[in-house]
Amino acid sequence: MSTRQLEQVAKWEQEKEDKLARDYRLAEQNVQTNVQKLTGLQSYRLDYLRQLQQRANQGLGALSFAQHQAFIDKLDKACLQQNQIIANAKAVAQQRRALWLRQQQKRKAVEMLIEKKRQQAQQLENKREQALLDEVAIQRFVRRQLQS
């Protein structure tokens, strides 16, 4: 494969890597968004519990207390669901990170191959140049010998 073809492959690999990096960043943002939602739910739950405690101190009927407790149970379930959503989002983020890192390795391998080919071409060019210089030097030497 020519260096030019390899450079095109490297470009494609870089584009894939860029896309996977974006996907990973979005997955991480999704984790953070869901963590913020959980924090909000937990904060709301605590505020609601404080309000319930204040009402209980002022006197609260059994029916009203049961209704408040049912709502707190719903908030607890919502927190559990949000924790599961976060766990799933983290798993997705880890998968996307792994894909991105694998793609990064692929791109680096292609770039290393390109560099190796460039070095080989440079060495070949250096050998040709040296051979040409050697030939010129030999011709000069022979001419000097013939002139002497």
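Along the sequence shown, residues carry numbers from 1.
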Novice: How long is the straight-line distance from CZ of R96 back to CG of L26, given to the nearest 0.5 Å?
Specialist: 7.0 Å
Novice: Roughly how far apart are C79 SG and I72 CD1, rounded to 0.5 Å?
Specialist: 11.5 Å
Novice: Parallel, tilted or perpendicular for W100 and Y24, by the 30°/60° rule?
Specialist: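 The arrangement is parallel - the two ring planes meet at less than 30°.
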Novice: Could you give me the CA-CA distance, side-chain angles and deciding distance for R118 and E7, then say whether salt bridge (Lys or Arg N to Asp or Glu O under 4.0 Å) is met?
Specialist: CA-CA 11 Å; R118 282 186 182 144; E7 287 172 349; 2.3 Å; yes
Novice: Taking the side chain as every heavy atom from C-beta outward, state whether E125 and R128 have any atom pair closer than 4.5 Å.
Specialist: yes
Novice: Report all side-chain donor-acceptor pairs from residues 140-147 shorter than 3.5 Å, counting only partners two or more places apart or in another chain.
Specialist:
none

Novice: So, taking the atom named CZ in R22 and the one named CD in E17, what distance separates them when rounded to the nearest 0.5 Å?
Specialist: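 Spacing of CZ (R22) from CD (E17) equals 11.0 Å.
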Novice: Given salt bridge (Lys or Arg N to Asp or Glu O under 4.0 Å), test D23 with K19 step by step and report yes or no.
Specialist: CA-CA 6 Å; D23 290 348; K19 182 196 178 307; 2.8 Å; yes
Novice: Determine whether D73 and K77 satisfy the following criterion, side-chain contact (heavy atoms from CB on, under 4.5 Å), listing intermediate values before the conclusion.
Specialist: CA-CA 6 Å; D73 289 344; K77 284 182 183 177; 5.7 Å; no
Novice: Give the cluster check for L49 versus F65: same hydrophobic cluster or not, with ILVMFWY residues linked at side-chain heavy-atom distances below 4.5 Å.
Specialist: yes
Novice: What's the separation between atom CG in N30 and atom CZ in R25, rounded to the nearest 0.5 Å?
Specialist: 15.0 Å
Novice: Return the OG1 to CD distance between T39 and Q32, rounded to the nearest 0.5 Å.
Specialist: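 Here the interatomic distance stands at 9.5 Å.
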Novice: What heavy-atom pair brings L75 and R45 nearest, and what distance separates the two atoms?
Specialist: CD1-CA, 3.9 Å
Novice: Is there a continuous path of hydrophobic side-chain contacts, each under 4.5 Å between heavy atoms, that joins F71 to L46?
Specialist: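 In one cluster: no.
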Novice: So, for A27 and A93, which heavy atoms are closest and what is the spacing to 0.1 Å?
Specialist: CB-CA, 3.7 Å
Novice: Quick check: are there more than 12 heavy atoms from other residues, nucleotides or ligands sitting under 6.0 Å from CD of E115?
Specialist: yes
Novice: Specify the closest pair of heavy atoms between K90 and V31, including all atoms of both residues, with the distance to one decimal.
Specialist: N-CG2, 3.6 Å
Novice: Once rounded to the nearest 0.5 Å, what's the spacing between atom OG1 of T33 and atom CD of E28?
Specialist: 11.0 Å
Novice: Hey, are Q58 and Q54 close enough side-chain-wise for a donor-acceptor pair under 3.5 Å?
Specialist: no
Novice: Quick one, Q139 with E135, criterion side chain to side chain donor-acceptor pair (under 3.5 Å). Give me CA distance, side-chain angles, the key distance, then yes/no.
Specialist: CA-CA 6 Å; Q139 287 177 6; E135 180 64 30; 3.1 Å; yes
Novice: Applying a strict under-4.5 Å side-chain criterion to I, L, V, M, F, W and Y, I'd like to know whether L38 and I85 cluster together.
Specialist: no
Novice: Applying side chain to side chain donor-acceptor pair (under 3.5 Å), run through N126 and Q130 and close with a yes or a no.
Specialist: CA-CA 6 Å; N126 290 347; Q130 188 60 49; over 6 Å; no
Novice: Could K108 and E111 be called an ion pair, given the rule that one side-chain N must be under 4.0 Å from one carboxylate O?
Specialist: no
Novice: Decide yes or no on side chain to side chain donor-acceptor pair (under 3.5 Å) for N88 and Q84, but give the supporting numbers first.
Specialist: CA-CA 6 Å; N88 292 343; Q84 186 58 50; 3.1 Å; yes
Novice: Can a donor-acceptor pair be found between the side chains of D47 and Q51 at a distance below 3.5 Å?
Specialist: no
Novice: Tell me the closest heavy-atom pair linking V110 and L6, and the distance in Å.
Specialist: CG1-O, 3.7 Å
Novice: If we check side-chain hydrogen bond (donor to acceptor under 3.5 Å, both in side chains) with E13, which of these qualifies: Q8, R107, Q105, Q103?
Specialist: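 Between E13 and the candidates, side-chain hydrogen bond (donor to acceptor under 3.5 Å, both in side chains) is satisfied uniquely by Q103.
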